[in-house]
*Asks:* 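Can you keep this structure in mind? I'll have questions shortly.
By convention in this document, chain letters (A, B, ...) are assigned in the order of the sequence lines, proteins followed by strands, and residues within each chain are numbered from 1. We use all heavy atoms of the structure for the numbers below, so side chains are in, but hydrogens, waters and symmetry mates are not.
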2 protein chains.
Amino acid sequence: MSGRARTHWGDGRRPQGVAAAKPLPRRAVLADDVYEAIKALIMDHEIEPDARVSIDGLARQLRVSPTPVREALARLESAELVAKEPLRGYRATPLLTKEELEDLYQFRLLIEPWAAARAAERVAAGDKEQLRAEMAATEVPQSDSYAEYKALTAHDTRLHVLIAELAGSPQVRHAFERTHCHLHIFRLHYHRTIGAETIKEHQAIVDAITQGDKDAAEHAMRRHLESSCYDRLLPLYDAGGRRRHDERS
Amino acid sequence: MSGRARTHWGDGRRPQGVAAAKPLPRRAVLADDVYEAIKALIMDHEIEPDARVSIDGLARQLRVSPTPVREALARLESAELVAKEPLRGYRATPLLTKEELEDLYQFRLLIEPWAAARAAERVAAGDKEQLRAEMAATEVPQSDSYAEYKALTAHDTRLHVLIAELAGSPQVRHAFERTHCHLHIFRLHYHRTIGAETIKEHQAIVDAITQGDKDAAEHAMRRHLESSCYDRLLPLYDAGGRRRHDERS
DNA sequence: CTGGCGCGAATACTATAGGATTTATGAAAT
DNA sequence: ATTTCATAAATCCTATAGTATTCGCGCCAG
């Protein structure tokens, strides 16, 4: 989804000897910035779930014209952060219900343990290094600060994508990415959670894969997903006092 | 993806006694029509794989402004029929390679047999009726005409989606739909193929599900996909003389 | 003949304007 | 009090214009 925003200016054509002054603080494509801005508004709940998202309103708020906003929203729709009703505008999608969260993890349980097993079978030397590097670059969060939570989520995303990548099936990798599971889970309980157990479980998965142990990798991934879903995520629905979109005033 | 285009005009507010004259032959939202038009151009290979797709050019050709074209292309990107390079425009995606086709079917083998098994476990009376109706509404193609091929593909899509639906996991169903496999396979060899075997195999799957036989359903689906991939699709790459996008002039 | 440079054309990108539809507001009738 | 209807405002949708960037072609140096 992301990874598209590359700068296309200031790559050369600059008089020699200018010591590469600021490569112009300008944007690449405005629609990409607008995309990220709206996504941030939704993730931060500044745009609440199920709330209407006005095209012209956003354009005014972001000080841009409606044109790039339309394109950004069309893309956000494929990430299922907004839904469109023709002639009526866009609306932020509701948060995951308990059932939808379980269903999401059921799907992950269907493809990710398989991917872990395949990764263990196919793992090469360079791959092992990548896995170890990802684990090494991550440290157990000391506090439950927002920043550390975001960093941990980023690590989680990278590792799961990497494993799906190592499975050697672009379709499986892509199917996983298209769930945007980290996005939706993050939006669900964006005030920190998740402990150090996650990293321990990740380490177990990485160990199994690097040892080429197919069954252990599959098992470790399955256990990780089950713990994540049933031990860490689902309990948040009962306690925590998260408000749902179907609660009225 | 589709199913969004609903008319929002002429639903009332009409003087009584006019006998509901033509509900206005007008469009719902122009961007939807443009979406379908461009999709048709790509599927018919009027826009060749890997060819550049000009926004302004399409707008002139379709006699509309670039605005709805931009929105349509943004949506077509999520179906992977076009790819965008910022500031450089859109480009029709290349056809599936042999490897990509195999990978696609590997993914289908991962989720669809599972879905068939689940469907067999959960099937209710009404569901059985739906399955039988879908089979009854389909007949073995007599000729290898384009129209019949299209009809058979439509049946294939409906049946596979229905089974994914009956599995009770929206995520699995959605993941399957997001592959747009029928779209890409159709585009691959859009001049007819596929015989009556498909229908026979479909019948076997439906029988197993309606009988609630979990293992048989899973097995039948697996066999169906393997036959489809290895017996019917892959051979087309060697024979048939399909030209690939990487062949130059 | 090959590779780099520059100019013109084509194209993408953003902003703005106007028409069409929906939504909100409020008065009148039951 | 509730419903119906009309009017006004807000919003979506499409079209058009102008700017920025890329692309294509010819020219020139090597």
*Asks:* Which residues pass the side-chain hydrogen bond (donor to acceptor under 3.5 Å, both in side chains) test with B:Ser169, sequence neighbours left out?
*Replies:* A:Asp103
*Asks:* List for me each residue that meets side chain to side chain contact (heavy atoms under 4.5 Å, CB included) alongside A:Leu110, sequence neighbours excluded, and say none if there are none.
*Replies:* B:Ile111, B:Trp114, B:Val172
*Asks:* Under 4.0 Å between any heavy atoms, over every strand shown, what does A:Val53 touch: base, sugar-phosphate, or nothing? Just pick one.
*Replies:* sugar-phosphate
*Asks:* Does A:Glu80 have any salt bridge (Lys or Arg N to Asp or Glu O under 4.0 Å) partners at least two apart in sequence or in another chain, and if so, which?
*Replies:* B:Arg178
*Asks:* When the distance from CG of A:Leu73 to P of D:dT11 is rounded to whole Å, what number comes out?
*Replies:* 14 Å
*Asks:* Among all residues two or more places apart in sequence or in another chain, which pass the side-chain hydrogen bond (donor to acceptor under 3.5 Å, both in side chains) test with B:Thr93?
*Replies:* B:Arg187
*Asks:* For C:dA12, does either OP1 or OP2 sit under 4.0 Å from a side-chain N or O belonging to B:Arg70?
*Replies:* no
*Asks:* Closer to the 5' end of DNA chain D via nearest nucleotide, is it A:Thr67 or A:Asp56?
*Replies:* A:Asp56
*Asks:* Can you pull every protein N or O that's under 3.5 Å from an N or O on nucleotides 23-25 of chain D?
*Replies:*
from	atom 1	to	atom 2	distance (Å)
D:dC23	OP1	B:Arg88	NE	2.8
D:dC23	OP1	B:Arg88	NH2	3.2

*Asks:* How close or far is atom C1' of D:dA15 from atom CD of B:Glu71, stated in whole angstroms?
*Replies:* 15 Å
*Asks:* If an axis is fit to five pairs at each end of the helix from C:dC1-D:dG30 to C:dT30-D:dA1, what is the angle between the two, to the nearest 10°?
*Replies:* 20°
*Asks:* Suppose we screen for side chain to side chain contact (heavy atoms under 4.5 Å, CB included). Which residues come up paired with A:Glu148, at least two apart in sequence or across chains?
*Replies:* A:Pro141, A:Gln142, A:Ser143, A:Ser145
*Asks:* Which residues pass the side-chain hydrogen bond (donor to acceptor under 3.5 Å, both in side chains) test with A:Thr179, sequence neighbours left out?
*Replies:* none
*Asks:* Any N/O pairs under 3.5 Å between the protein and nucleotides 5-9 of chain C? List them or say none.
*Replies:*
none

*Asks:* Verify the contact: side-chain N or O of B:Ser65 to OP1 or OP2 of D:dA15, cut-off strictly under 4.0 Å; return yes or no.
*Replies:* yes
*Asks:* Salt bridge between B:Lys98 and B:Glu102, side-chain N to carboxylate O under 4.0 Å?
*Replies:* no
*Asks:* Who pairs with B:Arg158 by salt bridge (Lys or Arg N to Asp or Glu O under 4.0 Å), at least two apart in sequence or on another chain?
*Replies:* B:Glu134
*Asks:* Apply side chain to side chain contact (heavy atoms under 4.5 Å, CB included) to B:Ala164 and list each qualifying residue two or more places apart in sequence or on a separate chain.
*Replies:* B:Arg173
*Asks:* Could you tell me which residues satisfy side chain to side chain contact (heavy atoms under 4.5 Å, CB included) with A:Leu162, sequence neighbours excluded, listed by chain and number?
*Replies:* A:Gln130, A:Leu131, A:Leu166
